[in-house]
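Each remark here refers to the structure printed beneath this line.
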Amino acid sequence: MSKLQSVRKTAFAGAAGNVMEWYDFATYAYMAPIIATLFFPSDDHFASIMTTYGVFAAGYLSRPLGGMIFGHIGDKLGRKKVLILSVSLMGFSTVSIGLLPTEAVIGPLAAVLLVVLRIAQGLSVGGEYTGSATFVVENAPRDKRAFYSSWIVSGAAGGFLLGSGVATLLTNFMDADALHSWGWRLPFLSGALIAIVAYILRRHIEEPVKPKDFKKPEKSPVISAFRDHWRDMLRVMGLALSVNVGFYLMFVYAISFLTDRMHVSTANAMDINTFCLVLMTILPIPFAMASDKIGRKPVLLSGALGIIVLSWPLFWFMHHTDLTMIILGQVGFAVLFSWVFAANPVTMVEILPRNVRVSVLSIGYNICLSIFGGTTPLVATYLVNRTSDDFAPVYYLMGLAVISLIAVLSIKETGGKPLRE
């Protein structure tokens with residue numbers, strides 16, 4: 001196998017696992033209104049949906065622990081082991097959710113089991129995206145690192161797209177009774193097929209860069225990450241902050257916002273969401289190619305400034321009942337976030353030293369997403385409920401984008417340069 005074929009196989013295997021990861025999380029997000037009634041029944045719809053989003057966030061709260069576990073494995077035993085273990089745990093957890101008895105069958109134990117499985121998903125995700133990004137960037141040609149790492153981004157968006165597409169099909173072609181009775185289980189059970197494919201792909205990739213080829217940290221890579229590289233960890237968190245919150249705001253929270261506040265039908269809201277996810281599956285690749293040409297900082301700086309300046313007007317478009325206006329707003333967000341995501345993972349890998357790279361990246365990235373990313377639907381729903389201002393989540397996003405801008409300004413240009421040793 002040629003070097004180019006090996007790199008492409010590596011990138012494809014990394015992307016396949018991220019399809020699985022984000023399919024699982026998207027499935028839960030899009031099935032949230034149904035899950036709320038089956039596992040957290042309540043006369044208060046707001047309380048029921050808040051509890052369901054809280055369980056969604058619980059999966060994220062376990063991600064830093066997963067980052068520590070898989071970071072240690074990746075830096076000590078090799079990147080490939082992280083990719084195999086993480087996708088296996090994710091597949092098991094997702095299929096198990098599809099088999100869970102509901103509250104009507106086993107009472108409160110149903111909710112407890114759902115939380116446990118969501119935590120297991122969070123642990124697996126703690127090493128999935130970051131492990132894949134590290135593996136691909138380390139083995140890609142210097143002048144095409146962003147291009148190949150963008151496959152990971154497209155795989156993640158593709159997973160969300162697949163989850164959205166399946167949910168849309170079920171919503172459009174199943175009656176409400178069947179969907180609530182058994183149809184909601186189908187997306188979770190279908191995750192088994194994706195997990196098996198991703199596992200097989202990852203089992204047959206080689207690991208050109210092995211742990212024995214670089215200097216190991218004196219202590220545990222996790223300890224070294226916190227003790228010696230906390231500044232790098234903060235930079236990773238800053239880079240990940242606004243674009244990930246923005247993604248969950250516009251592609252998870254927006255579903256309930258459009259249906260509850262703008263009175264758009266669930267089918268139309270999901271159709272718009274699906275179309276925008278198609279864009280986010282395609283656009284990161286050409287945008288990443290631009291990053292390989294002009295550098296990381298121009299892309300990330302313009303992206304952070306774009307979120308600060310354009311979020312309010314784009315959300316203003318979405319704050320209408322007219323579907324054309326809503327589409328324009330959400331498409332604008334899709335383009336803006338694709339631009340940032342195209343350069344984000346490769347930059348985070350490039351700024352970190354090799355011997356603790358997986359640990360620093362996994363811990364920093366997952367702390368950020370556990371505090372801010374997974375809680376986004378919960379925070380957005382709370383802010384609107386407390387302030388009676390539909391634009392409150394946008395102000396939240398704009399404030400976080402300022403932090404991301406500071407993080408970008410704190411790093412040096414890494415495009416086309418040797419990786420840190």
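Treat the numbers as computed from the prediction; the structure is a model and nothing was measured. Numbers for residues simply follow the sequence, beginning at 1.
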Exercise. Could you go step by step and tell me if Ser124 and Glu128 meet the side-chain hydrogen bond (donor to acceptor under 3.5 Å, both in side chains) rule?
Worked result: CA-CA 6 Å; Ser124 68; Glu128 176 57 50; over 6 Å; no

Seminar exercise, completed: With sequence neighbours left out, the residues meeting ring-ring contact (aromatic ring centres under 6.0 Å, His included) with His72 are none

Exercise. Is the closest side-chain donor-acceptor distance between Arg202 and Ser132 under 3.5 Å?
Worked result: yes

For this session: Working to the nearest 0.5 Å, report the span between CG of Asp260 and OH of Tyr253.
Result: 8.5 Å

Exercise. Taking C-beta and beyond as the side chain, do Tyr148 and Arg8 meet within less than 4.5 Å on heavy atoms?
Worked result: yes

Exercise. Are any non-hydrogen side-chain atoms of Lys80 and Ile84 less than 4.5 angstrom apart?
Worked result: yes

Problem set entry | Side chain to side chain, Leu352 and His229, heavy atoms closer than 4.5 Å | no

For this session: Mark yes or no for whether Thr375, through its side chain, and Phe372, through its backbone, hold a donor-acceptor pair below 3.5 Å.
Result: yes

Seminar exercise, completed: Here the gap from Leu161 atom CG to Phe275 atom CZ, rounded to the nearest 0.5 Å, amounts to 11.5 Å

Problem set entry | Polar side-chain atom of Asp292 near backbone of Ala146 as donor-acceptor pair, under 3.5 Å | yes

Problem set entry | Leu100 to Ala110 - nearest heavy-atom pair and separation | CD1-O, 4.4 Å

For this session: State plainly whether the residues Arg357 and Glu138 are in salt-bridge range, i.e. N to O under 4.0 Å.
Result: yes

For this session: Please name the pair of heavy atoms, one in Ala380 and one in Leu249, separated by the smallest distance, quoted to 0.1 Å.
Result: CB-CD1, 3.7 Å

For this session: Would you indicate whether the side-chain heavy atoms of Val358 and Asp75 approach each other to under 4.5 Å?
Result: yes

Exercise. Does a side chain donor of either Arg296 or Ser291 reach within less than 3.5 Å of an acceptor in the other side chain?
Worked result: yes

For this session: For Glu350 and Thr414, test the side chains for any donor-to-acceptor distance below 3.5 angstrom and give the result as yes or no.
Result: yes

Seminar exercise, completed: Smallest heavy-atom separation, Ala288 atom then Ser150 atom, equals CB-CB, 3.5 Å

For this session: Could you tell me whether the side chain of Phe188 reaches within less than 4.5 Å of the side chain of Val95, counting heavy atoms only?
Result: no

Problem set entry | Any donor-acceptor pair under 3.5 Å from Ser224 side chain to Ser220 backbone | no

Exercise. In this structure, are over 12 heavy atoms from other groups packed under 6.0 Å from Met174 atom CE?
Worked result: yes

For this session: Identify whether the distance between the nearest side-chain nitrogen and carboxylate oxygen of Asp232 and Arg420 falls below 4.0 Å.
Result: yes

Problem set entry | Trace of the side chain to side chain contact (heavy atoms under 4.5 Å, CB included) decision for Leu419 with Val137 | CA-CA 9 Å; Leu419 294 174; Val137 171; 4.2 Å; yes

Exercise. For Val136 and Trp151, what are the C-alpha separation, side-chain angles and deciding distance, and is it a side chain to side chain contact (heavy atoms under 4.5 Å, CB included)?
Worked result: CA-CA 9 Å; Val136 171; Trp151 294 22; over 6 Å; no

Exercise. Looking at Gly127 and Val82, what are the two nearest heavy atoms and their distance?
Worked result: O-CG1, 3.2 Å

Problem set entry | Heavy-atom closest contact (Arg118 atom, Gln121 atom, distance) | NH1-OE1, 2.6 Å

Problem set entry | Interatomic spacing from CZ in Arg79 to OG1 in Thr130 - rounded to 0.5 Å | 10.5 Å

Exercise. Hey, does the side chain of Trp339 reach the backbone of Val299 with a donor-acceptor pair shorter than 3.5 angstrom?
Worked result: yes

Mind listing the side-chain donor-acceptor pairs of residues 311-318 below 3.5 Å, one per line with the distance, residues two or more places apart or on another chain?
residue: Ser311; atom: OG; partner: Ile307; partner atom: O; Å: 2.5
residue: Trp312; atom: NE1; partner: Tyr395; partner atom: OH; Å: 3.4

Exercise. So, Tyr365 versus Tyr129, ring centres under 6.0 angstrom or not?
Worked result: yes

For this session: Apply side chain to side chain contact (heavy atoms under 4.5 Å, CB included) to the pair Phe70 and Ser362, showing each step before the final yes or no.
Result: CA-CA 8 Å; Phe70 286 109; Ser362 297; 5.5 Å; no

Exercise. Do the rings of Phe341 and Phe247 sit parallel, tilted or perpendicular, given the 30° and 60° boundaries?
Worked result: perpendicular

Exercise. If you round to the nearest 0.5 Å, how far is CE of Met237 from CG of Asn366?
Worked result: 10.5 Å

Problem set entry | Side-chain (Asn244) to main-chain (Ala240) donor-acceptor, under 3.5 angstrom | yes

For this session: Compare all side-chain heavy atoms of Val356 with those of Pro353 and state whether any distance is below 4.5 angstrom.
Result: yes

Exercise. Will you find, in the side chains of Ser265 and Asn268, an N or O donor that is under 3.5 Å from an N or O acceptor?
Worked result: yes

Problem set entry | Worked check of side chain to side chain contact (heavy atoms under 4.5 Å, CB included) between Thr321 and Val264 | CA-CA 7 Å; Thr321 55; Val264 176; 5.6 Å; no

For this session: Would you give the length of the straight line joining atom CD1 of Ile69 to atom OG of Ser86, rounded to the nearest 0.5 angstrom?
Result: 12.0 Å

For this session: Provide the closest heavy-atom pair for Val245 versus Gly373 in the form atom of the first, atom of the second, distance.
Result: CG2-N, 4.3 Å

Exercise. Is the closest basic N to carboxylate O distance between Asp390 and Arg261 below 4.0 Å?
Worked result: yes

Exercise. Is Ser154 reaching over with its side chain to a backbone N or O of Thr281, donor-acceptor style, under 3.5 angstrom?
Worked result: yes

Problem set entry | Short N-O contact, Arg354 and Glu421, less than 4.0 angstrom | yes

Exercise. Can you find a heavy atom in the side chain of Asn139 that is under 4.5 Å from one in the side chain of Arg145?
Worked result: no

Exercise. Is the closest side-chain heavy-atom distance between Thr381 and Phe257 below 4.5 Å?
Worked result: no

